[in-house]
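Notes follow once the structure below has been shown.
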Amino acid sequence: MRKFFRPRLYEISIYEIDLDKLKAMGIKGFIFDVDNTIVPYDTAYAPSEVRAWFEKIGAMGFASYIASNNKEGRVTAFAKDLGVPYLPKAKKPLTKNLKKICGEMGLRPEETAMVGDQLFTDMLGGNMAGMFTILIEQISPNEGKFIRFKRIFERMILPERKRVKGIIC
């Protein structure tokens, strides 16, 4: 059961992802969560370092897409500002929309990395869809009550979370 929640790779931030290694492994695109993965919950627009990183992955030939369970207004404003295709209310961990996004990018799930900060949505959804999953350490402790509640169970499922940094499982 735990295997469905376990990421294939764990990094502190998106900036530490070894893009060359993933490219060599056949990864051609990314689906990103927004809140606490790319920016904190209270950041409405992409700061310059985020823009530069997305330009870098685009220049390397990677496709990118934002899939968030957050509401349309928040996700749309952020993604349009960044210039990345997006899907609000993505219903992660359900796989239907994640697979649809892969198709829109012209990729198979196994060529796609799901990048997020939560086990019960991002990792579970990505793993069930057959994607390469990358767990990012949450950026900010400021989260809603429900997410803070889920974090208790995340620590039970993956207590070694901090010890697997940079490891491909």
Side-chain angles (χ1 to χ4, degrees), residues 1-19 21-22 25-43 50 53-54 57 62-71 74-75 78-79 84 86-102 105 107-169:
M1 180 70 166
R2 286 187 185 192
K3 70 179 181 175
F4 290 110
F5 298 101
R6 185 173 300 280
R8 296 279 309 277
L9 178 66
Y10 170 64
E11 292 294 356
I12 299 298
S13 76
I14 59 173
Y15 308 109
E16 293 189 27
I17 296 171
D18 188 336
L19 298 171
K21 182 183 277 186
L22 291 180
M25 293 172 61
I27 300 299
K28 297 177 180 176
F30 295 96
I31 299 174
F32 294 95
D33 178 46
V34 175
D35 295 317
N36 253 349
T37 298
I38 300 174
V39 294
Y41 282 96
D42 57 357
T43 303
V50 170
W53 196 79
F54 271 82
I57 64 173
F62 289 106
S64 60
Y65 210 106
I66 289 175
S68 173
N69 286 348
N70 207 334
K71 56 190 170 196
R74 192 288 191 259
V75 177
F78 183 86
V84 175
Y86 61 94
L87 178 65
K89 300 180 186 176
K91 299 180 183 174
K92 297 176 291 182
L94 300 178
T95 61
K96 180 181 177 183
N97 285 332
L98 296 176
K99 289 178 179 180
K100 180 180 175 186
I101 290 169
C102 290
M105 292 192 294
L107 302 175
R108 297 185 318 266
E110 59 270 19
E111 298 173 316
T112 309
M114 177 69 223
V115 183
D117 68 303
Q118 293 187 50
L119 297 182
F120 292 111
T121 55
D122 307 313
M123 298 305 103
L124 179 58
N127 284 330
M128 289 191 318
M131 298 175 183
F132 186 91
T133 50
I134 303 173
L135 181 66
I136 300 297
E137 185 66 28
Q138 70 188 72
I139 294 172
S140 169
N142 297 332
E143 299 179 301
K145 289 179 184 178
F146 182 65
I147 294 173
R148 286 195 313 266
F149 177 71
K150 288 193 303 183
R151 296 278 188 207
I152 295 167
F153 296 99
E154 286 185 354
R155 287 188 292 277
M156 291 178 191
I157 290 172
L158 192 61
E160 73 277 14
R161 181 174 177 156
K162 291 189 184 289
R163 293 194 300 264
V164 297
K165 182 200 167 306
I167 300 297
I168 296 178
C169 304

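The residues of the chain are indexed from 1 along the displayed sequence.
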Nearest 0.5 Å please: distance from the [atom1] atom of [X] over to the [atom2] atom of [Y].
| X | Y | atom1 | atom2 | value |
| --- | --- | --- | --- | --- |
| Gln138 | Ile136 | CD | CD1 | 12.0 Å |
| Lys89 | Asn97 | NZ | CG | 12.5 Å |
| Thr112 | Ile27 | OG1 | CD1 | 7.0 Å |
| Glu16 | Glu137 | CD | CD | 10.5 Å |
| Asp42 | Arg74 | CG | CZ | 8.5 Å |
| Asn127 | Thr95 | CG | OG1 | 11.5 Å |

For [X] and [Y], which heavy atoms make the closest approach, and how far apart are they?
| X | Y | result |
| --- | --- | --- |
| Pro109 | Ala129 | CB-O, 3.1 Å |
| Met128 | Pro93 | CE-O, 3.4 Å |
| Ala67 | Leu98 | CB-CD2, 4.4 Å |
| Met114 | Met123 | O-CE, 4.0 Å |
| Ile66 | Ala79 | CD1-CB, 4.0 Å |

Name all residues meeting the side-chain contact (heavy atoms from CB on, under 4.5 Å) criterion together with [X]; count only those two or more places apart in sequence or in a different chain, and write none if there are none.
| X | result |
| --- | --- |
| Thr121 | Asn69, Lys92, Gln118, Lys150 |
| Leu19 | Ile17, Phe30, Trp53, Lys56, Ile57, Met60, Phe62 |
| Lys96 | none |

Can you find a pair of side-chain heavy atoms, one from [X] and one from [Y], that are under 4.5 Å apart?
| X | Y | result |
| --- | --- | --- |
| Leu119 | Leu135 | yes |
| Phe32 | Asp122 | no |
| Ile134 | Leu22 | yes |
| Met105 | Ile31 | yes |

Results of side chain to side chain donor-acceptor pair (under 3.5 Å) for [X] - residues two or more places apart only:
| X | value |
| --- | --- |
| Lys28 | Glu111 |
| Asn70 | Asp35 |
| Thr37 | Asp33, Asp117 |

Run Tyr15 and Val50 through side-chain contact (heavy atoms from CB on, under 4.5 Å) and show every step you take. CA-CA 9 Å; Tyr15 308 109; Val50 170; 3.2 Å; yes
Set of ring pair (Phe, Tyr, Trp, His ring centres under 6.0 Å) partners for [X], sequence neighbours left out:
| X | value |
| --- | --- |
| Tyr86 | none |
| Phe78 | none |
| Tyr65 | none |

